[in-house]
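The structure appears below as structure tokens.
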Amino acid sequence: MNAETAEALMRSRYTAYVLANEDYLMKSHHSSTRPIKEKNAIIKWAKSVDGIKLEVLECKKGLQNDIEGMVEFKAFFYENSKIQMIHENSRFTRENGHWVYVDPV
């Protein structure tokens with residue numbers, strides 16, 4: 001989990017969803033907003049859909065020397081034989097020297 005930028009972490013989290021990698025999804029989530037109670041539901045959902053692609057639309061800050069950043073993205077996936085999309089502006093920060101996802105804005 002040594003992503004150099006917020007965008008790199010966003011991309012790695014998308015891959016973790018596609019692979020249903022629960023450990024990575026939890027570790028790459030800020031400790032104050034980590035969805036421990038929802039973990040099983042998140043992984044169940046991740047296993048029930050098929051990822052298609054991730055489009056990063058915009059990044060604000062989130063570079064190597066920043067301590068916070070925002071990434072706007074669209075994630076496309078198949079769910080129940082239909083193409084679905086999540087469009088989100090995500091907030092990222094550094095925790096213990098590593099980029100982590102905080103929450104949607």
Side-chain angles (χ1 to χ4, degrees):
M1 192 178 78
N2 291 324
E4 292 190 17
T5 65
E7 179 180 352
L9 183 69
M10 176 67 245
R11 291 180 180 284
S12 70
R13 284 180 53 82
Y14 174 79
T15 299
Y17 271 103
V18 170
L19 300 174
N21 184 339
E22 62 189 277
D23 291 335
Y24 187 82
L25 290 170
M26 292 298 122
K27 284 182 191 176
S28 63
H29 208 291
H30 194 275
S31 61
S32 69
T33 57
R34 191 172 291 144
I36 300 295
K37 292 180 181 177
E38 294 86 10
K39 180 172 131 176
N40 290 338
I42 291 168
I43 297 308
K44 182 178 178 182
W45 176 81
K47 289 179 177 180
S48 74
V49 301
D50 292 316
I52 300 172
K53 68 178 178 174
L54 174 70
E55 289 181 3
V56 174
L57 304 174
E58 183 178 14
C59 298
K60 295 179 184 174
K61 297 186 181 180
L63 300 176
Q64 292 176 344
N65 296 322
D66 293 326
I67 57 170
E68 59 184 30
M70 301 254 302
V71 178
E72 180 183 4
F73 71 91
K74 289 182 180 180
F76 297 85
F77 54 93
Y78 285 108
E79 184 174 28
N80 299 323
S81 301
K82 294 181 182 177
I83 296 176
Q84 304 289 333
M85 187 232 349
I86 296 172
H87 182 187
E88 181 176 304
N89 286 299
S90 298
R91 188 165 57 122
F92 295 84
T93 192
R94 290 192 185 264
E95 183 174 50
N96 300 320
H98 301 282
W99 282 109
V100 290
Y101 170 79
V102 180
D103 56 13
V105 181

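Small disclaimer: the values here were computed from a predicted structure and weren't measured. For the numbers below, each heavy atom of this structure counts, side chains included, while hydrogens, waters and symmetry mates do not.
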Set of side chain to side chain donor-acceptor pair (under 3.5 Å) partners for [X], sequence neighbours left out:
X	answer
Tyr14	none
Asp50	none
Ser32	His30
Glu68	none

With sequence neighbours excluded, give me every salt bridge (Lys or Arg N to Asp or Glu O under 4.0 Å) pair touching residues 29-42.
Glu22-Lys39
Pairs meeting criterion salt bridge (Lys or Arg N to Asp or Glu O under 4.0 Å) with involvement of residues 92-101, two or more places apart
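Pairs touching residues 92-101 that pass the test: none.
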Taking distance alone, no hydrogens or angles, what donor-acceptor pairs closer than 3.5 Å link side-chain atoms of residues 5-12 to residues at least two apart or in another chain?
{"residue": "Thr5", "atom": "OG1", "partner": "Ala8", "partner atom": "N", "Å": "3.0"}
{"residue": "Glu7", "atom": "OE2", "partner": "Arg11", "partner atom": "NE", "Å": "3.0"}
{"residue": "Glu7", "atom": "OE2", "partner": "Arg11", "partner atom": "NH2", "Å": "3.0"}
{"residue": "Ser12", "atom": "OG", "partner": "Leu9", "partner atom": "O", "Å": "2.8"}
{"residue": "Ser12", "atom": "OG", "partner": "Tyr24", "partner atom": "OH", "Å": "2.5"}

With Thr15 via side-chain contact (heavy atoms from CB on, under 4.5 Å) - residues at least two apart
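In terms of side-chain contact (heavy atoms from CB on, under 4.5 Å), with neighbours along the sequence ignored, Thr15 is linked to Leu19.
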Which other residues end up in the same hydrophobic cluster as Met70, if Ile, Leu, Val, Met, Phe, Trp and Tyr are linked when side-chain heavy atoms come under 4.5 Å apart?
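Joined to Met70, directly or through intermediates: Val105.
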Out of curiosity, does Ile83 fall in the hydrophobic cluster containing Val49 (side-chain heavy atoms, cut-off under 4.5 Å, transitive links)?
no
Side chains of Val100 and Phe92 in contact at under 4.5 Å (non-hydrogen atoms)
no
Evaluate the side-chain proximity of Thr33 to Tyr101: yes if any heavy-atom separation is below 4.5 Å, no if none is.
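Result no, sub-4.5 Å side-chain heavy-atom pair not found.
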Scan the side chains in residues 52-67 for donor-acceptor partners under 3.5 Å anywhere in the protein, sequence neighbours excluded, and list what turns up.
{"residue": "Lys53", "atom": "NZ", "partner": "Glu55", "partner atom": "OE2", "Å": "2.8"}
{"residue": "Gln64", "atom": "NE2", "partner": "Glu4", "partner atom": "OE1", "Å": "2.3"}
{"residue": "Asp66", "atom": "OD2", "partner": "Gly62", "partner atom": "N", "Å": "3.0"}
{"residue": "Asp66", "atom": "OD2", "partner": "Leu63", "partner atom": "N", "Å": "2.9"}

Restricting to pairs with a member in residues 40-77, which pass ring-ring contact (aromatic ring centres under 6.0 Å, His included), not counting sequence neighbours?
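For residues 40-77, and leaving out neighbouring residues, the ring-ring contact (aromatic ring centres under 6.0 Å, His included) pairs sorted by first residue read Trp45-Phe77.
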